[in-house]
Structure formats: C-alpha cells, structure tokens
Number of protein chains: 4
Amino acid sequence: MSSKISVKGEESFDAVCEAKHPGRPRCPVAHQNILKAARELVEEGGFDCLTIEGIAARAGVGKTTVYRRWPNKASIVMDAFFEEVSSRTSFPDTGSAREDIRLQMRQFVAELNGPLGCKISLLLANGQFDEEMAEAFRARWIEPRRSEAQLVIKRGIERGEIRREVDVDVLVDALYGPVYFRLLGEHAPLTETFADTLVEIVMSGLEG
Amino acid sequence: MSSKISVKGEESFDAVCEAKHPGRPRCPVAHQNILKAARELVEEGGFDCLTIEGIAARAGVGKTTVYRRWPNKASIVMDAFFEEVSSRTSFPDTGSAREDIRLQMRQFVAELNGPLGCKISLLLANGQFDEEMAEAFRARWIEPRRSEAQLVIKRGIERGEIRREVDVDVLVDALYGPVYFRLLGEHAPLTETFADTLVEIVMSGLEG
Amino acid sequence: MSSKISVKGEESFDAVCEAKHPGRPRCPVAHQNILKAARELVEEGGFDCLTIEGIAARAGVGKTTVYRRWPNKASIVMDAFFEEVSSRTSFPDTGSAREDIRLQMRQFVAELNGPLGCKISLLLANGQFDEEMAEAFRARWIEPRRSEAQLVIKRGIERGEIRREVDVDVLVDALYGPVYFRLLGEHAPLTETFADTLVEIVMSGLEG
Amino acid sequence: MSSKISVKGEESFDAVCEAKHPGRPRCPVAHQNILKAARELVEEGGFDCLTIEGIAARAGVGKTTVYRRWPNKASIVMDAFFEEVSSRTSFPDTGSAREDIRLQMRQFVAELNGPLGCKISLLLANGQFDEEMAEAFRARWIEPRRSEAQLVIKRGIERGEIRREVDVDVLVDALYGPVYFRLLGEHAPLTETFADTLVEIVMSGLEG
DNA sequence: GTATAAACGAGACGGTACGTCAGGTCTTTCT
DNA sequence: AGAAAGACCTGACGTACCGTCTCGTTTATAC
C-alpha cells in the first residue's frame, strides 16, 4: 500500500496508475526504479549526491519521467524512504503502562540507531527547508508514532496507572523529544540505557 | 569578540587582522558587510536563497574575498548568527530549583518563538548535512545552554531539592529535547504553558 | 486536388482516404485542422514557433494523427501553404513577348509583396536545411513558374520577337533570380519599377 | 581585424579583450576554439548538428563561456564563417567592362561551387529566421560584393562602354540574383558556362 | 452479427538541447 | 600583497519538443 499523502500539484501515483485514464499508463517499474535509485544514491554519497539527473540516469529513465511523477527532490526522498517503513510500529501490552512505554522507547531508540536513524534525521532536517517535506514527514512518520504513544499512555490513565490530569501531548513530547534531540544534536549517545533512564525520569511522579 | 571555533584550513579573522602582516590589511568593513548580507539574505528568502555569489554581490565584495575569509557557506552562517547572540544566557536563582528551571525554560521558549527560532532550527537542520557546522553549533549554542541547565540542576541537587541519583545529562535532555522537537517538528505550538507543563511533568518525582 | 508529390514513406492522403479499406477511415476534418493550425502558428510566431506538439494541440488532435499523415514538419508546411496557391499562375498574351514577360514579372512581384512573400522566402530558406522540403518546393512552386515563363519566351522566339540562340533556361533565371534575391536578401525593395527595369535590362539586346 | 557588426546586447570581443579591465581577461584561445568547433561541426553534420552544447564540448569550453561571448547560435556562425573570407574579393581590370564583369561572375560562381557555397546558402537561408543574422550577412557578404560589381559597372559607364541610363542597382541584381537563385534553388547547375551565358544575356543591349 | 482492422485522443516513454545558475578556481588591474 | 572584478570549467537545474509507444475507444469493412 502506497502513500496517501498528496504532494504539491501532483496526483498520487496510485491514483494515476489505477484509474481509467486515457493515454498510456505510467510504467510501474519506472516508479520502483526511481525510488530504488534515490535510496542507493543517498546511501552511497550522502544527501547532496542526490540529483534528479543522477536518479534518472541510474533508474534508466528520462528526467521528464521523474518530473512527471514528483514535483521535487524532497518528495522523491519521502516516497523512497517510507515505502515500507511507515507501517511497522510497535504497540506492546505488558500490563504495566510504564513497562509498555519503556519497551516502545527502547524499540524506537533501537530503530534510530540502525540505518534508519540517519535517514530520519536527514528528513527531519530537510523539513526545515521545505514545508511540503515537513508536512509529509509529520504525517507519515511523526504522527503515527505520537499516536501509538498516546494510546499506550491513555490506556495507562484508564487503568489508573497514570494520573488523570497529565497532559498527554506534552508527555508524549517529553518522551520522544529528547530522543530526536540526541539523534540530531549528537551531543550524547542514543543508548538503551538512555531510553530507560529517560522513561524513569519522565514517568516518576506521574503515576497515580 | 569573535569565534574561537576553528574552521577548516583558515586562519581566524582576528589573527590575520591584528597581526603585523606585509601587504594590504583586510578590510574590516568587508567582514561586517558579508555577515550582514548573509543575515539579510536568509531573512528575506530562506536558507537556500543564500548563495556565496549573492552574499558577495550584496556585500559589494568579490567572491574571492569571501572565500579568503571563510571556507564554506556554513561557517559564514555560523559567524553571521552568533556574533552577538552567544553570550546572552540566563542563569536565574530564585532559591527554588524547579522555579529556576521553569524560568530558564520559559526564557528559552520565548527566545525560540522570536526571530531567533527559525535560525536555530535552520542551523540545527543544517548540521545534518555538514558535520563542521554541527560541531560549531554544538559548541556555540547547544553546549552553553546545557551547561547552564546542568549548573542549575546541580545546585538543586546540592541543596537537596533534587534527588542525588538523577542522571543530570538525561535530565537536561528531558527538559530541552521536547522544546527543540516542537521547534523542528511544528506538530504542536511552543507556548509558555508548554514550558511550564513540561517542567512539571519532568521534575515531579525527581524531588528529594 | 491534393498533392501529387510523394513524401517519404507515406501513402498520399487521398489514396488512403478514398480507398475501401477496412478500419476506420482517416478523419478528413483533422487533415484540414492540422494544416490550418500550422498556418496560424507560423503567422503568429514565425517559423520556429511551429512545433508538432503545438500543431496537434491547436488542431485538437493527437500527435500520432499528425505523424501518421506527414513524415515531418516540412511536409506539413508544404501542404499547408500550397493547398490553394499552387494552381493560380498567370499566362498573359498581349501579342508582345516583352510585354507578356513584363506582366508576368509584375504579377510575380506583386504576389511576393503580399502575404505570400514571406512564406515563399521561408520555404526557400527551409529547403536549405531539408532536401525533402527543397524538392517539394521546387516541384510545387519554382518549376510551375519557370514553365510558364519558358512558354512565354518560347512563344516569343517562335514569333521571331526573341533571338533564336537565347538559352531559355538561363533567361528564365535571369528574370526570376533577381526577384528571389531581393526577396531573400532584402537589400533593396521589390517594387513594380524594379520588375519593369529588370525586364528592360535583361530583354534589351535579346530581341531579334 | 575582426567584425564591426555589433551583435545583440554584447560588447565586441576585441573591445573586451584589449581594454584594461580588472578581472581575468577573456581567453583568446577559447574564442578561436569555439569558432573552429562551430566550423567543424557544420562541415561534419550540417547545420542542425550545430548545438551550443556540441560547440562548447568540442572547443573544450564551458557552455557559459560561449554564452558570455555570443548571444545566439547565429552570431557564432557568422563569426565562424567570415573570419577570413570577407576580405577576399575580386576586382579585375581587363580594359573591357563586359570582360571584367564576366571574370567577376566566373570567380563568384567558382567560389560558390567550392566549400563556401553551401555555407553561403545556409547563411542566406538562416537570415530568413533571424533578422540579426540577415543584417550581418548583408553587411559582411552581400554588400561588399554588390559594391565591387557597382564599381566595375560604373567604370564601364564612365568609359562609355555601358549606357549612361542603366540602373546600376538593378543591373547588379540582374547579374548576381540568378547565381544566388541557382545556388539556393538547385533547379539547375551553377557552371562557368552559366556565368558566361548570363553575362551575355544581361549585358547585351546595355552597351553604348 | 461478429470479427478484424485501422484510426482516434490521450498521454507516458527515453532522449537531446536549451538557457540559467551557482560552485569554487584562476588571473587580471587597482589600491 | 590584499581587494575587487570578472572569466574559467563544471555540473545540475527545470523546460520544451522530439519521435515512439501503449492505452481504451470508435468506426469502418469483411466474414
């Protein structure tokens, strides 16, 4: 299942692909090749080795084919990185809210320590230069994770494990914010211990 | 007072300027003009309207003059933004650690809501594409603020207001991280209330 | 009556149109629309505003429909400009050869001073870049006029008004060449007086 | 000595080259290389193998260097073809006007039968699509030859060999026009005999 | 009637060249 | 010898058309 996030002035690929249009249908192989090329180029030489011409060349595709489908480099990157990633989220249920949260945070930290980490930081950074990108990143990455966390927290509140008055939104950011901060700032390591300690610090005092 | 952070392959401006060199001394006005031009350009058209050519043109200076003084765009930006900003930090002392922290956080949030906010987020973002930049940003912006916070927290610990076992580094990130996260993510507003609530959530349970 | 000039690898429109083929017959309206579109585009923005895509778009026709009927831009232009023009030639008979020739030349000059003039010069010019075009232009425009002139001259020779030894081909070019030259070179105006003077200069001394 | 014909929005090369400017002077080798590349490309593959990118590549020069010096393809071609050609004109003096003219025409025809021929026809043709080009071509090629011919004719008139009343401008075109016409029209060959016959036809009857 | 055949419009395809912009370097003259 | 100017090569940008190629649809003749 592909993206639901629309990108600037461009019908979604699926919409174009599946609908009964007149005209030659867009080649679905090209779509995959372009995204694959984009991923490879970023992996090989960093974010600014990523040129449209380079992508097109490696994908064995004309530049126009790229431009026909994506309005800018950023949205290619979004699609390239979130093709499969988006869906896999974690929603543990150990019976203890704090434990659930700790597991979630641990997994999140582990994820960011892997190959995904640098991509996420790049995407978050890129969003500062391109509101479109930022929007897409929020919708496809940040929000899904915030929702999960909110669910776990709300479950904790209902069970009476977490105090009723707690502002859930702020709590979520108190948990996730520091992780993103270390990811971007690189002023301190993103360890499992950090996750644990962070949960301890934030959650202590919130329990009913 | 100028930068202490060394930048790639370039003698510091002051060193060159003050020493008794043979040859024409570097024009000190050019230096200021270049930084001013950089600031203006970013303000007017965002970060990617910032070209070396543009800076040189607006500063009424040759491109070579720019390249002679800074090795890359990033370091110009650093100097441009941290000329005066760096020093003004806040170090309140109300007698209550939590209150001191709240004041610090409020001031920090206020600062980021002003014109500085977008610059900081841009710099933090830019660091993801340029390690040099990231290093400078950490040293000139992030660390000074972490140090302040650490001092306040340590004072709180010594006074017995905060539990001895608390990991100060993690605590600092637990306080600052969420702020940076909202600054960058823009998924929720950066209000004074947010600062207060955040301090409440994080600090409750840590007090001795 | 349509073109008899064969064009590269393409059955004539009429042949296809009138024959009893299976399959949908070529739409005759499209044919006219395409030629009309071509004429309009050239008139509006000159010869290099003439793109196949533009023609197709303005004619409300798919590009394939254009390509199916003409092998290249040049032959569209040929058909577009010579649809009606070709046939109207002048063949005066005043009794005097020199007078007939003068009338012919006057009419020719008048024609080239009208809207046709620039088209002819464009077509002649275009022929330098496209042998196909040149061939068609020769056959459809140049030769018919040369033939007329030859007829008038030969009649003059038979009547004893023009000397027997005169090389008719060269004489025809001596009359028409200068007119085309002024049309293309624009170094001097194409007036009726020019036609008269030219005939005077060329014909004097040729009369028996 | 280089061109006096100014070209759209561009200072002449010499002016820029010889003046005492600050800044790096334009590389004179590049100038020659570009023109040479242009000549070669036209010779190899005709006029529409002539792309700016191709010229730049073959000249070992950046596209910008080309665009900095010439405003369009046409003016490159003009410079490329008229670097040396322009000056060599023929001005015979046999004592007989008709003989002088015949020699001039023979030489002209011979010239056009050589490698220059196709270039001239291309340039004349090109002028139909680009007024700038046409202007330059008139000034650099057509007019010099018309002047020569006029001189020879006027000398003939003064010597009493040619009738006083003859319109010199028309006579010149009567001589040259047919040659250009056969060059462009290719409906008949451009032979020495043609030149002779043409002179015979045109000049007979004009002699005093 | 039901194939079969061809033309239709639409529009995607891989390409080439366009003219522009910025990069970072190099080479002048001027101060 | 630094400053300012400006030319140098490189390489990517985003656009316009090229001529070809599917598509799904329409309109004929031929079985």
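Naming convention: chains lettered A, B, ... in sequence-line order (proteins, then strands); numbering from 1 in each chain.
Counting only distance, with no hydrogens or angles, the side chain of C/Lys73 and the backbone of C/Ile52 share no donor-acceptor pair below 3.5 Å.
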In B/S/- notation (B base, S sugar-phosphate only, - none; protein heavy atoms under 4.0 Å), nucleotides 14-20 of chain E written 5' to 3' is BB-SBBB
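A distance of 11.0 Å separates CE in D/Met78 from CG in D/Asn72, rounded to the nearest 0.5 Å. Remark: A/Ile34 CD1 to A/Cys27 SG distance equals 9.0 Å, nearest 0.5 Å.
Atom CD in A/Gln32 sits roughly 13 Å away from atom P in E/dC13 (whole-Å rounding). Atoms CD1 (C/Ile55) and P (F/dG19) sit 11 Å apart, rounded to a whole Å. Across the protein-nucleic acid pair, C/Trp70 atom CH2 and F/dG19 atom P stand 15 Å apart, rounded to whole Å.
The side chain of D/Arg26 places no N or O atom within less than 4.0 Å of a non-bridging phosphate oxygen (OP1 or OP2) of E/dT27. Regarding contacts with the backbone of E/dC26, every side-chain N or O of D/Arg24 stays at 4.0 angstrom or more from both OP1 and OP2.
Taking a cutoff of 4.0 Å between a charged side-chain nitrogen and a carboxylate oxygen, A/Arg58 and A/Glu44 qualify as a salt bridge. Note on C/Arg39 versus C/Glu43: no salt bridge recorded, every NZ/NE/NH1/NH2 to OD/OE distance being 4.0 Å or above.
Two residues are said to be in side-chain contact when any heavy atoms from C-beta on lie closer than 4.5 Å; D/Phe81 and D/Leu35 fail this criterion.
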